[in-house]
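Here the structure is a predicted model, which is why all the values come from computation and not from measurement.
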Amino acid sequence: MIHSEIVQFLSEIDTNIFLSFNGIHSPFWDYFMSSFTGKIIWVPMYATILYILLRNFHWKVVVCYVAAIALTITFADQMCSSIIRPVVARLRPANPDNPIVDMVYIVNGYRGGSYGFPSCHAANSLGLAMFVVFLFRKRWLSIFIVTWAILNCYTRIYLGVHYPGDLLVGGIIGGFGGWLFCTIAHKIAIYLEPSTRTKRKDIKQWPVTIYVGLLTVLGIIIYSIIKSW
């Protein structure tokens with residue numbers, strides 16, 4: 001009984017926070033959030049990360065880290081979508097069967113799937129972000145990639161397809177996966193190529209990810225301004 005009351009209390013808080021943020025919208029942000037939430041914007045990020053790895057490490061080490069990134073995303077995605085979601089079965093805010101659906105701001109009719117807890121978007125975004133943070137250990141790159149991931153998570157609230165709690169739990173799962181697989185990959189990389197320990201402390205070309213990310217955001221901003229006129 002007490003457990004049920006706690007869950008209900010937390011759910012109400014989650015819903016109130018969601019409605020507060022979801023209610024803030026404009027034509028410009030509709031286009032911006034719809035574009036920024038897409039998987040395609042991560043392609044430049046993956047490309048720059050691969051570029052940095054190739055410029056700094058032996059090819060065997062690169063393969064090791066790339067495989068670890070793939071495992072991070074797979075772990076985060078499957079843990080959320082295939083294991084937890086079917087058990088919890090929490091409806092997305094925008095789901096037509098959700099009691100609060102009439103209060104949810106929906107963009108271009110997009111509602112996502114049936115269930116949303118935890119968020120795969122948050123898990124994948126924070127999984128990659130934490131992997132990059134622990135792998136490269138560069139302050140400004142870490143700040144940028146984490147900010148990027150958090151903004152990507154926020155788009156899900158704006159679009160009405162996730163509660164903040166969905167994102168929080170998804171982010172924790174993804175972040176754990178990023179740390180875990182980066183740690184394992186680093187140990188294997190040192191075994192394969194002992195010089196990896198030294199090279200990792202002197203990573204070059206890492207600002208490329210920030211520059212490409214900023215250009216991507218600028219492109220989305222220009223597109224959103226044009227479309228919202």
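- From W42, atom CH2 reaches atom CG of N124 across 9.0 Å, with rounding to the nearest 0.5 Å.
- Nearest heavy-atom pair across P164 and F18 is CD-CB, 3.6 Å.
- Ring planes of W148 and F36: tilted class, angle from 30 to 60°.
- Every residue two or more places apart in sequence or in another chain that forms a salt bridge (charged side-chain N to carboxylate O under 4.0 Å, His left out) with D202 is listed here: K204.
- I69 contributes atom CD1, which lies 8.5 Å from atom CG of L50 (distance to the nearest 0.5 angstrom).
- The minimum heavy-atom distance between N95 and R111, with the atom names listed, is C-NH1, 4.5 Å.
- Within 6.0 Å of CG on N108 lie no more than 12 heavy atoms contributed by other residues, nucleotides or ligands.
- Q78 and T74 share no side-chain donor-acceptor pair at under 3.5 Å.
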List the steps and the verdict of side chain to side chain contact (heavy atoms under 4.5 Å, CB included) for I49 and L128. CA-CA 10 Å; I49 291 170; L128 178 62; 4.0 Å; yes
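- Taking T209 as the reference, T48 meet the side chain to side chain donor-acceptor pair (under 3.5 Å) condition, with sequence neighbours excluded.
- In this structure, OH on Y46 lies 10.5 Å from CD1 on I41, to the nearest 0.5 angstrom.
- Linking Ile, Leu, Val, Met, Phe, Trp and Tyr residues whenever their side-chain heavy atoms come within less than 4.5 Å leaves V146 and L168 in two separate clusters.
- Side-chain contact between T147 and L151 is absent, with no heavy-atom pair separated by less than 4.5 Å.
- At least one donor-acceptor pair under 3.5 Å links the side chain of R200 to the backbone N or O of L135.
- Every residue was checked against the salt bridge (charged side-chain N to carboxylate O under 4.0 Å, His left out) condition with K201, not counting sequence neighbours, and none meets it.
- Pairing each heavy atom of P118 with each of I173, the nearest pair is CG-CD1, 3.9 Å.
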W59 vs V63, test: side chain to side chain contact (heavy atoms under 4.5 Å, CB included). Steps then yes/no. CA-CA 6 Å; W59 70 268; V63 171; 4.0 Å; yes
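- Looking at residues two or more places apart in sequence or on another chain, you find a salt bridge (charged side-chain N to carboxylate O under 4.0 Å, His left out) between D14 and R90.
- Under the side chain to side chain donor-acceptor pair (under 3.5 Å) criterion, T15 pairs with no residue, sequence neighbours left out.
- Residue pairs that meet the side chain to side chain donor-acceptor pair (under 3.5 Å) test with at least one member in residues 218-229, sequence neighbours left out, do not exist here.
- Hydrophobic clustering (ILVMFWY, side-chain heavy atoms < 4.5 Å, transitive): L192 and V62 are in one cluster.
- Remark: side-chain polar atoms of S11 are not paired, donor with acceptor, to backbone N or O of V7 under 3.5 angstrom.
- Open room surrounds CD1 on I40; 12 or fewer heavy atoms of other groups in view lie less than 6.0 Å from it.
- Distance check: F32 CZ to T37 OG1 gives 11.0 Å after rounding to the nearest 0.5 Å.
- For N152, the side chain to side chain donor-acceptor pair (under 3.5 Å) partners at least two apart in sequence or on another chain are S125.
- A donor-acceptor pair is defined here as one N or O able to donate and one able to accept, closer than 3.5 Å; no such pair exists between the side chain of D77 and the backbone of I73.
- In this structure, OH in Y65 is found 5.0 Å from NE2 in H186, a value given to the nearest 0.5 Å.
- Among pairs with a residue in residues 70-129, those fulfilling ring pair (Phe, Tyr, Trp, His ring centres under 6.0 Å) read H25-Y105, F75-F181, at least two apart in sequence or across chains.
- Heavy atoms of other residues, nucleotides or ligands lying less than 6.0 angstrom from CZ of F21 number 12 at most.
- In this structure, the separation between NE2 on H162 and OG1 on T155 is 9.0 Å, given to the nearest 0.5 Å.
- In the hydrophobic cluster analysis, where Ile, Leu, Val, Met, Phe, Trp and Tyr join through side-chain heavy atoms closer than 4.5 angstrom, I150 is grouped together with L141.
- For the pair I225 and I221, the minimum side-chain heavy-atom distance is below 4.5 Å.
- Between L126 and A149, the closest heavy-atom pair is CD2-CB, 3.9 Å.
- A continuous path of ILVMFWY side-chain contacts below 4.5 Å connects I6 to F9, so both sit in one hydrophobic cluster.
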Could you check I190 against R197 for side chain to side chain contact (heavy atoms under 4.5 Å, CB included), going step by step and ending with a plain yes or no? CA-CA 6 Å; I190 291 176; R197 188 189 300 275; 3.8 Å; yes
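- Y31 places none of its side-chain heavy atoms less than 4.5 Å from the side chain of I220.
- Side-chain atoms of V104 and N98, non-hydrogen and from C-beta on, never get closer than 4.5 Å to each other.
- The main-chain N or O of Y163 is found under 3.5 Å from a side-chain atom of D166 such that the two form a donor-acceptor pair.
- V169 is connected to I13 through a chain of hydrophobic side-chain contacts under 4.5 Å among Ile, Leu, Val, Met, Phe, Trp and Tyr, so both are in one cluster.
- Legend: residues meeting salt bridge (charged side-chain N to carboxylate O under 4.0 Å, His left out) with R85, ordered by chain and number and at least two apart, are absent.
- With sequence neighbours excluded, no residue forms a side chain to side chain donor-acceptor pair (under 3.5 Å) with S114.
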Between I145 and M45, does a side chain to side chain contact (heavy atoms under 4.5 Å, CB included) hold up when you go through it step by step? CA-CA 9 Å; I145 196 72; M45 284 292 188; 4.0 Å; yes
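- Heavy atoms only, all atoms of each residue included: P96 and V101 are closest at O-CG1, 3.9 Å.
- Pairs engaging residues 121-133 under the salt bridge (charged side-chain N to carboxylate O under 4.0 Å, His left out) rule: none recorded [sequence neighbours left out].
- Nearest heavy atoms, L159 versus N22: C-ND2, 4.3 Å.
- Sorted by first and then second residue, the side chain to side chain donor-acceptor pair (under 3.5 Å) pairs involving residues 129-140 (not counting sequence neighbours) form an empty list.
- E193 places none of its side-chain heavy atoms less than 4.5 Å from the side chain of F57.
- Taking 4.5 Å as the limit, some side-chain heavy atom of M33 sits within range of a side-chain heavy atom of Y154.
- Residues I24 and W29 are not in side-chain contact: their nearest non-hydrogen atoms beyond the backbone lie 4.5 Å or more apart.
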